[in-house]
2 protein chains.
Amino acid sequence: MPVGNSRLEQVRDGLLTDLLEGAAPAGSKLPNEQLLAERFQVSRATVREAVGALVEGGYLVRRHGSGTYVTSLPTRQHALDATLSYTRMIREAGMRPGLRVLSQQTRPATEEESAELNLSPGEALREVERIRTADDRPVVYSLDRISEVLLTDVPAPALTTPLYELLASVGSPVRTATAVLTPVIANARLAKLLGVSRGAPLQRIEETDYSEVGAPVMRSSEWHVPGIFELRVNRRS
Amino acid sequence: MPVGNSRLEQVRDGLLTDLLEGAAPAGSKLPNEQLLAERFQVSRATVREAVGALVEGGYLVRRHGSGTYVTSLPTRQHALDATLSYTRMIREAGMRPGLRVLSQQTRPATEEESAELNLSPGEALREVERIRTADDRPVVYSLDRISEVLLTDVPAPALTTPLYELLASVGSPVRTATAVLTPVIANARLAKLLGVSRGAPLQRIEETDYSEVGAPVMRSSEWHVPGIFELRVNRRS
DNA sequence: GAGTGGTCTAGACCACCGT
DNA sequence: CGGTGGTCTAGACCACTCC
């Protein structure tokens, strides 16, 4: 059982335990906030914060004037919007993730790359070409580009470590990203690299990754083989 | 200028105005919470709530012990994860959205549909087949299925109104959804319906929509023509 | 050590829901 | 109408960052 340090975490985890162990089944109504405050020996403000976190996570709904209720289905944790790690998604699908670096080079940024990464035109960037595997079968071909400025202390052939870890280690951890998904047809090269037929459908993802202050730090182009692991998105109004 | 009723909204909108009008440029540090409280004549708790909302929206970052800072890029508002409305996305892309109903029928649910919509096997559901257009050009072909039980008061031919509005009007407004995206190849029928070539890539989306209490209310299968409006996803760690 | 955000309290009043 | 969540206050102490 998770036990946090702060009272907020204690209340949140206490409520979560009720939910997971069936003490508060789907559709049931929680005790009111005053009662919860007494039960956990905290103020009502603290209860509200804990309940708010569970509402945010999709476990509870508040209805003004009526009460707080338990929902039936929590949000999926390994969706595209909820994690940045394909490694995690592949593992979640019950497969063994792997990574193979095809090439890496330093070259001037194109105009589009300069705009996306907020660089001066022609400024140097590091590009890595990789194949991601699941149970040794190729599933993603990717081209990742990072500004050379961020990597001054990183030797050229060092991009074999996971890029998110690398970026975190140089002080630019990735927190958010925006990705555009487009279906495409495999050309001869992609077909060969990914082990599919020419003309087979692939999921193309163009993504820009941002640091915690919102500065763009990496631009990725990816081609995914469909049907191996799910690309799921949690949506909300 | 948006002016809310609650003090919380007044503070939030006040800060947002600073951000949008450039009074607080990207990377700059906000005054501390005590000062903001004095400026807006509210308590620090209220300031924290307003700032929290802007952090949630991606406009600000808090750094414990250091300060609150303005980020460079706000989260995209019309991404797949942030809205359920394709109408809105199409309009955002500068085009005129349209909708054409091809057919509707009531029939028993398949096994998969029963599982997804939490019905008894073979229970009746209403199915609608539609084409969505942007500037009169077909962009999405969709099959939507809703349990007949939810629609007892709705006459059979009435599914021409937007389905989200219809569901809200019968007391089951959609709040969240989970969608799986897969690239596919257009077959002869889809190619004809969507005005593309056979063999062209299409984005397939299988989606389940949930009410505010987490009960599944609609299951949709969609085929999107790529390149008309963007399918973007905001991601976070 | 000074300044910042993070947590927490005890109490108040309001807005909405249902009977 | 009573009960619920929604908003708000004034003040306190803690944890962290950075000089």
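Per chain, numbering begins at 1; letters A, B, ... match sequence-line order.
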Measure from the side chain of A:Thr46, starting at C-beta and using heavy atoms only, and say which of D:dC8, C:dT9, D:dG6 lies closest.
C:dT9

Side-chain N or O of [X] less than 4.0 angstrom from OP1 or OP2 on [N]?
{"X": "B:Arg63", "N": "C:dG5", "result": "no"}
{"X": "B:Asn32", "N": "C:dT4", "result": "yes"}
{"X": "B:Arg48", "N": "D:dC8", "result": "no"}
{"X": "A:Ser66", "N": "D:dG3", "result": "no"}
{"X": "A:Thr68", "N": "D:dG5", "result": "yes"}
{"X": "A:Arg44", "N": "D:dG6", "result": "no"}

Nearest whole Å is fine: how far is [N] [atom2] from [X] [atom1]?
{"X": "A:Glu49", "N": "C:dG6", "atom1": "CD", "atom2": "P", "answer": "10 Å"}
{"X": "B:Leu8", "N": "C:dA15", "atom1": "CG", "atom2": "C1'", "answer": "15 Å"}
{"X": "A:Gln10", "N": "C:dT7", "atom1": "CD", "atom2": "P", "answer": "13 Å"}
{"X": "B:Leu36", "N": "C:dT4", "atom1": "CG", "atom2": "P", "answer": "11 Å"}
{"X": "A:Glu38", "N": "C:dT9", "atom1": "CD", "atom2": "C1'", "answer": "15 Å"}
{"X": "B:Leu60", "N": "C:dT4", "atom1": "CG", "atom2": "P", "answer": "16 Å"}
{"X": "A:His64", "N": "D:dG3", "atom1": "NE2", "atom2": "P", "answer": "16 Å"}
{"X": "B:Glu33", "N": "D:dC14", "atom1": "CD", "atom2": "C1'", "answer": "14 Å"}

Distance-only donor-acceptor check, side chains [X] and [Y], under 3.5 Å:
{"X": "B:Thr83", "Y": "A:Arg235", "value": "no"}
{"X": "B:Ser120", "Y": "B:Glu123", "value": "yes"}
{"X": "B:Glu207", "Y": "B:Ser220", "value": "no"}

Less than 6.0 Å separating the ring centroids of A:His78 and A:Phe229?
no

If you assign each of B:Pro31 and B:Ala45 to its closest nucleotide in DNA chain C, which residue comes earlier from the 5' end?
B:Pro31

At their closest point, which heavy atom of A:Gly52 faces which heavy atom of A:Arg62, and how far apart are they?
CA-NH2, 3.6 Å

